[in-house]
K.L.:
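Please see the structure below; I have some questions.
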Amino acid sequence: MRPQVLFPLFAPTTSLSGVGPRNAALLEKAAGGRVVDLLWHLPIGLIDRRFSPKIADAPDGAMATLVVTVGKHRPPPRNRPRLPYKVTCTDETGSMDLVFFNVKGDYVAKALPEGEERAVSGKIEHFNDRVQMTHPDHIVPLEDIDKLPRLEPVYGLTAGLTLKTLGRIMAEAIALTPPVDEWLDPAGRERMQWPAWRDAVVSLHAPASHDDLQPTVPPRMRLAYDELLASQIALLLVREAYRSLPGVATMGDGGLRAKCIAALPYHLTASQADAVAEITGDMAKDSRMLRLLQGDVGSGKTVVAFLAMLAAVEAGRQAVLMAPTEILARQHMATIAPLVEKLGLRLAVLTGRDKGKARQSMLDGLASGEIPIAVGTHALFQDDVAFRDLALAVIDEQHRFGVHERLMLTSKGRGTDVLVMTATPIPRTLQLAAFGDMDVSRLIEKPAGRKPVDTRTIPSSRLDDVVAAVGRALEKGAKVYWVCPLVDESELVDLAAATDRHAQLSERFGAMRVGLVHGRMKGADKDAMMAAFAGGAVDLLVATTVIEVGVDVPAATVMVIEHAERFGLAQLHQLRGRVGRGDKPSTCLLIYYGSPGETARARLSIMRETEDGFRIAEEDLRLRGGGEVLGTRQSGLPDFRLADLSVHGDLLAQARDDARLLLERDPKLESPRGRAVRVLLYLFERDVAIRYLRSG
Ligand code: ADP
Ligand code: MG
């Protein structure tokens, strides 16, 4: 249950006075739907209204607050409503005009009664030798002058929401912020000279200078740290809960593995062999394994996973491999099925598409144990899927699965070990943020015989040359991917672009040879198209980014990416990884449109320079910088509200150590600090982790 002290913060914004459905919708767009979302919506700028000159001294362009006496109102003539509404104001040094356009109703008349004094704040303009101010930001009677913000924070807005309205609502939200019991270690907090939590929130929303807006000021560091600490504690709690579940030692005799390795048409690389040893070593222990297998695209993770699965089978137990998409599940199956057959084993495939009798017979086989190995998608979680004795769950591209799903899968077995595979080369800092302290095996070298991918960037003005080059490559028997622009967020628009390109290329190279694959296709159609491409009927495959992850057609040697300037680095890298998988040299052509901005140019040049996924990941993090979350979501890394890992990354290790120490001393979070930490977990919505306190 959420602690009572946080109730006001988790109430909808409509709980604030002056927030009705209309404003709530705007706030939702700009910041979020709850009061706490407003707190996390930090200022991005600052307006200084402290300058308070007399009219005669007010310089053009200055932001200023003036005290004036309201004079004559001069509304536009009725027949010329487009002319401005002017109000003359004076002080002892001169006169000025307040200027309004499109005045509806009587708000000007009300705000500026003739003969009274008002403080007005806004930008000074000199127009035809007169001082004027167009649409003052604030007009207040002198008795309310204290309410006029002298230093006004600027927030990210949305159309229809003014800074004034948001500022007023923010003030209310901030006033609701409760003091909380300190969850940070007092000594640590003192060393960093961080303010108390409430003070940090208040001061971030009341910047006194532009320096206060920097992400490195103590109150901001504190909130970033709070968020990182919450996430590290949550990860630890889940992990500890997981580890404390009883495990089973799974030890095979190595027979199947030896047979499999002998049947492979290649030798394992050193890091593949190491990874297999580490994984099977973990499995042989009677605690639960939770290990990350990290390897760049094409590094050969599937076979490593498969060998681990065989260790389970040797021990008379079962193993599953779960992929996030149908295509990937089928792909793994294609790698695994021939090996399984050679070993004389049975394999079950469970995706959303398998129904009826065939599915039932697989379910029966898994339940009885006759089928030792299953490959599939989310469909593996379904209630009617039962295993006789599930020893190992391998989860590919885990970031698309939640913690919850992971635990669900393991609940289908007895002491089930978990191996998570990811092709996203996650920088070390981010790895800690995403997975906490998982054990990691890394595949560092690409399988032998792979050639580097020749990567070039080409302006769209040379599109014809690219098409001609693709034509020449096709003549020589190449297989070509043509990835279509990510036009906008809408899949429909993206699809239209891909369809157009497909039509053009079909006309040029013959409809039979050119295929199209996109996210809106039915699973079976997608598979059929991929199979046609892998098989030989189709040589040129136009695709939206559905081919991004994991797809393996070793014969493909050319990758064309249109509008490459719109893709993130991680995505470009993933896409390029679709070629260079066979023994022939490959080419990647990055077509850009217009003149890309600085960051986009930097991305393209990194792509030209290197194929090292870890280097690319680090660069990606660096380039993303300044809190731009784009790409984080794509890569499935946690989305922090306040912590920006390109700035606060150094705090992460500290948060991890802090979390560890705290849970060592107070594993059930029962001490006063532990209780405060529970509030922290709720505050950052990591409270699912609290559930595991009980089970632990
Ligand atoms: P990823 O790590 O991207 O999932 P895969 O497991 O799909 O990589 O492997 C990519 C391709 O490389 C597959 O066709 C696989 O058979 C092949 N492969 C795996 N290991 C080796 C190796 N040691 N030598 C040569 N080819 C390998
Ligand atoms: Mg793979």
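Both ligands and their constituent atoms are indexed starting at 1 by order of listing. Note: hydrogens, waters and symmetry copies are ignored here, and every other heavy atom, side chains too, is used.
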K.L.:
May I ask you to identify, for Gln272, whether its side chain, its backbone, both or neither come under 4.0 Å of ligand 1 on a heavy-atom basis?
P.N.:
side chain
K.L.:
Please output the side-chain donor-acceptor pairs of residues 345-352 that fall under 3.5 Å, not counting sequence neighbours, one pair per line with the distance.
P.N.:
from	atom 1	to	atom 2	distance (Å)
Thr351	OG1	Glu326	OE2	3.0
Thr351	OG1	Arg330	NH2	3.0
Thr351	OG1	Arg353	N	3.2
Thr351	OG1	Asp354	OD2	2.9

K.L.:
When you measure from the side chain of Arg601 to the backbone of Pro596, do you find a donor-acceptor pair of N or O atoms at a distance under 3.5 Å?
P.N.:
yes
K.L.:
Any idea which atoms of ligand 1 are less than 4.0 Å away from a heavy-atom of Thr302?
P.N.:
4 (O), 5 (P), 6 (O), 7 (O)
K.L.:
Just heavy atoms, cut-off under 4.0 Å: does Arg581 contact ligand 1 by side chain, backbone, both, or neither?
P.N.:
side chain
K.L.:
Could you establish whether Thr335 and ligand 1 come within less than 4.0 Å of each other, counting only heavy atoms on the residue side?
P.N.:
no
K.L.:
Are more than 12 heavy atoms from other residues, nucleotides or ligands located less than 6.0 Å from atom CD of Glu341?
P.N.:
no
K.L.:
Against heavy atoms of Thr269, which atoms of ligand 1 measure under 4.0 Å?
P.N.:
23 (N)
K.L.:
I'd like the name of whichever of Gly295, Gly300, Ala270 reaches closest to atom 8 (O) of ligand 1 through any heavy atom.
P.N.:
Gly300
K.L.:
Is it the case that more than 12 heavy atoms not belonging to Glu609 sit under 6.0 Å from its CD atom?
P.N.:
yes
K.L.:
Against heavy atoms of His267, which atoms of ligand 1 measure under 4.0 Å?
P.N.:
22 (C), 23 (N), 24 (N)
K.L.:
Suppose we screen for salt bridge (charged side-chain N to carboxylate O under 4.0 Å, His left out). Which residues come up paired with Arg608, at least two apart in sequence or across chains?
P.N.:
none
K.L.:
Determine whether the side chains of Arg656 and Gln232 contain a donor N or O and an acceptor N or O closer than 3.5 Å.
P.N.:
no
